Amino acid sequence: MTTARDAVPVETTGSPAGCPAHPLDCQLSRRRLIRNAAVAGTAVAAGAALAACGSGQAPTTTGRVTLGKTSTIPVGGGVIFAQQDVVVTQPAAGTFKAFSATCTHLGCQVNAVANGLIQCPCHGSMYSIADGSVKA
């Protein structure tokens with residue numbers, strides 16, 4: 001019996017190194033291509049992460065950072081320091097809390113602190129000024 005492979009004349013002298021004699025056996029499958037691309041992408045990402053960790057540069061800020069005066073933060077409210085991406089609240093007199101100003105819902109920056117809540121403009125998400133818990 002003759003198969004399609006047997007019926008096609010194949011020249012074996014021009015095959016790339018490591019390939020079988022038949023040219024169809026040397027073609028890169030879709031699965032193999034995707035796997036190779038994933039391995040290469042992982043290697044690049046790992047290399048970038050290692051390069052960032054091994055840069056030898058110290059953080060630009062350490063310890064405390066002065067954002068403003070405590071007298072500017074209202075009791076039962078808070079102030080958004082947009083440039084530093086921080087919200088500082090004073091839920092009770094003399095008690096100060098600091099939170100990221102980036103909304104955990106969509107990554108937007110919160111824009112208001114009122115009625116005991118930190119508010120996000122994107123979808124109306126609201127967070128407690130006392131502990132940052134989700135309220136709406």
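Please read these numbers as outputs of a predicted model, since none were measured by experiment.
The shortest heavy-atom contact between Gln119 and Ala114 is NE2-O, 3.6 Å.
Note on residues 66-115: pairs passing disulfide bond (SG atoms under 2.5 Å apart), not counting sequence neighbours, are Cys108-Cys122.
The side chain to side chain donor-acceptor pair (under 3.5 Å) test applied to Ser100 returns no partner, not counting sequence neighbours. Take Gln109 and apply the side chain to side chain donor-acceptor pair (under 3.5 Å) test, not counting sequence neighbours, and it matches Asp85. Here Ser133 pairs with Ser128, Asp131, Lys135 under the side chain to side chain contact (heavy atoms under 4.5 Å, CB included) rule; sequence neighbours left out.
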Give the table of side-chain donor-acceptor pairs shorter than 3.5 Å for residues 65-75, with sequence neighbours excluded, one pair per line with atom names and distance.
| unit_1 | atom_1 | unit_2 | atom_2 | d |
| --- | --- | --- | --- | --- |
| Thr72 | OG1 | Lys69 | O | 2.6 |

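Grouped with Ile118 in one hydrophobic cluster are Ile80, Val87, Phe99, Val110, Val113, Tyr127, Ile129, Val134, the linkage being side-chain heavy-atom contacts under 4.5 Å among Ile, Leu, Val, Met, Phe, Trp and Tyr residues.
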